[in-house]
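Remarks on the structure that follows.
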Amino acid sequence: QVQLVESGGGLVQAGDSLRLSCAASLRTFSSYAMGWFRQAPGKEREFVAAINWSGRLTYYADSVKGRFTISRDNAKNSVYLQMNSLKPEDTAVYYCAAKWRKELASTYYSSDYYDYWGQGTQVTVSS
C-alpha cells in the first residue's frame, strides 16, 4: 500500500505564499527521491522541483528558481514545497511524486522516472 497525499493548496493573490506538503506511506521513504510537478488546464504536465534521497541535492525549473524551495523530512516521511512570490502563471494542480533512487541528474526532471503519484492539490493565484 503506497499513498502520497498532498495538502496546502488554495486560492491566493499574486505575491502571496503557500506551503505544500506531501505525506508518503512508502516503506522506506529515504530510499526515494521526491518531486513536485504541476499541470495547468490545457497544458502539459511540467517539472517544478525535486530533491534527492538525503535532501542534499535539489533541482528546480527555471520558472520557479529563486521563488520556490523544496525540502524533506525523512523522519516524518514528508516533502514540502514553499512557494513565495506567487504569480498567476503558477496556477495549476500540483502533484507530489516519488522516484526510486537513481542519482543521474537528468532523471530528476522527467515524470517518466517517477513511480508513485499523489492525487494533486489545486493552487490558484489571482492577479
Side-chain angles (χ1 to χ4, degrees):
Q1 295 291 318
V2 176
Q3 187 175 21
L4 305 180
V5 181
E6 301 100 333
S7 62
L11 173 62
V12 298
Q13 292 186 322
D16 285 351
S17 297
L18 279 175
R19 180 177 170 87
L20 304 184
S21 297
C22 174
S25 63
L26 298 165
R27 293 174 181 240
T28 53
F29 181 74
S30 62
S31 295
Y32 292 83
M34 302 296 296
W36 288 96
F37 292 77
R38 67 187 182 187
Q39 187 168 23
K43 297 184 178 181
E44 296 182 352
R45 180 175 54 189
E46 66 176 351
F47 169 79
V48 177
I51 188 166
N52 82 324
W53 69 273
S54 68
R56 293 186 175 89
L57 297 175
T58 57
Y59 307 85
Y60 296 95
D62 288 341
S63 60
V64 306
K65 197 171 298 182
R67 298 188 298 122
F68 292 9
T69 302
I70 188 171
S71 61
R72 70 188 296 161
D73 187 339
N74 287 346
K76 296 182 178 180
N77 283 22
S78 297
V79 63
Y80 310 96
L81 185 68
Q82 178 66 45
M83 305 185 294
N84 297 329
S85 302
L86 283 162
K87 304 174 181 179
E89 50 263 44
D90 294 319
T91 295
V93 176
Y94 284 70
Y95 297 93
C96 175
K99 176 175 78 73
W100 186 255
R101 288 182 59 184
K102 185 173 175 55
E103 295 296 335
L104 187 64
S106 61
T107 66
Y108 285 86
Y109 297 91
S110 174
S111 61
D112 293 340
Y113 291 94
Y114 290 79
D115 303 291
Y116 304 107
W117 295 82
Q119 81 289 341
T121 185
Q122 177 70 48
V123 173
T124 302
V125 185
S126 63
S127 59

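Only this structure's heavy atoms are used, side chains among them; waters, hydrogens and symmetry mates stay out.
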In the structure I gave you, are the side-chain heavy atoms of [X] and [Y] within less than 4.5 Å of one another anywhere?
X	Y	answer
Phe37	Tyr109	no
Val125	Val123	yes
Trp100	Tyr32	yes
Phe68	Thr58	no
Tyr60	Thr69	yes
Met83	Ser17	no
Thr124	Val12	no
Val48	Leu81	yes

Pairwise distance OG(Ser126) to CG(Asp16) - rounded to 0.5 angstrom: 8.0 Å

Residue pairs, two or more places apart or on separate chains, that pass ring pair (Phe, Tyr, Trp, His ring centres under 6.0 Å) and touch residues 74-99: none

Qualifying residue for side chain to side chain donor-acceptor pair (under 3.5 Å) with Lys99, from Thr107, Asp112, Asp115: Thr107

Residue pairs involving residues 97-127 (criterion disulfide bond (SG atoms under 2.5 Å apart); sequence neighbours excluded): none

Pairs flagged by disulfide bond (SG atoms under 2.5 Å apart) wherever residues 96-127 is involved - sequence neighbours left out: Cys22-Cys96

Pairs satisfying salt bridge (charged side-chain N to carboxylate O under 4.0 Å, His left out), at least one member in residues 69-79, at least two apart: none

Residue pairs, two or more places apart or on separate chains, that pass salt bridge (charged side-chain N to carboxylate O under 4.0 Å, His left out) and touch residues 18-38: Arg38-Glu46, Arg38-Asp90

Verify same cluster id: [X], [Y] (apolar side-chain graph, 4.5 Å):
X	Y	value
Tyr108	Tyr116	no
Leu18	Val79	yes
Val2	Met34	yes
Leu4	Val93	no
Leu20	Phe47	no

Distance-only donor-acceptor check, side chains Glu89 and Thr91, under 3.5 Å: no

Ser25 (side chain) donor-acceptor with Gln3 (main chain) under 3.5 angstrom: yes

Donor-acceptor contact below 3.5 Å, side chain Glu6 vs main chain Gln119: yes

Shortest non-hydrogen contact between [X] and [Y], atoms and distance:
X	Y	value
Ser127	Ala14	CA-CB, 4.3 Å
Tyr114	Ala50	OH-CB, 3.5 Å
Arg67	Leu86	NH1-CA, 3.9 Å

Neighbour count >12 (heavy atoms, 6.0 Å) for atom OH, Tyr113: no

Stacked cation flag Arg45 on Trp117, 6.0 angstrom / 45 deg: yes

Those residues that, when tested against Leu57, pass side chain to side chain contact (heavy atoms under 4.5 Å, CB included) (two or more places apart): Asn52, Tyr59

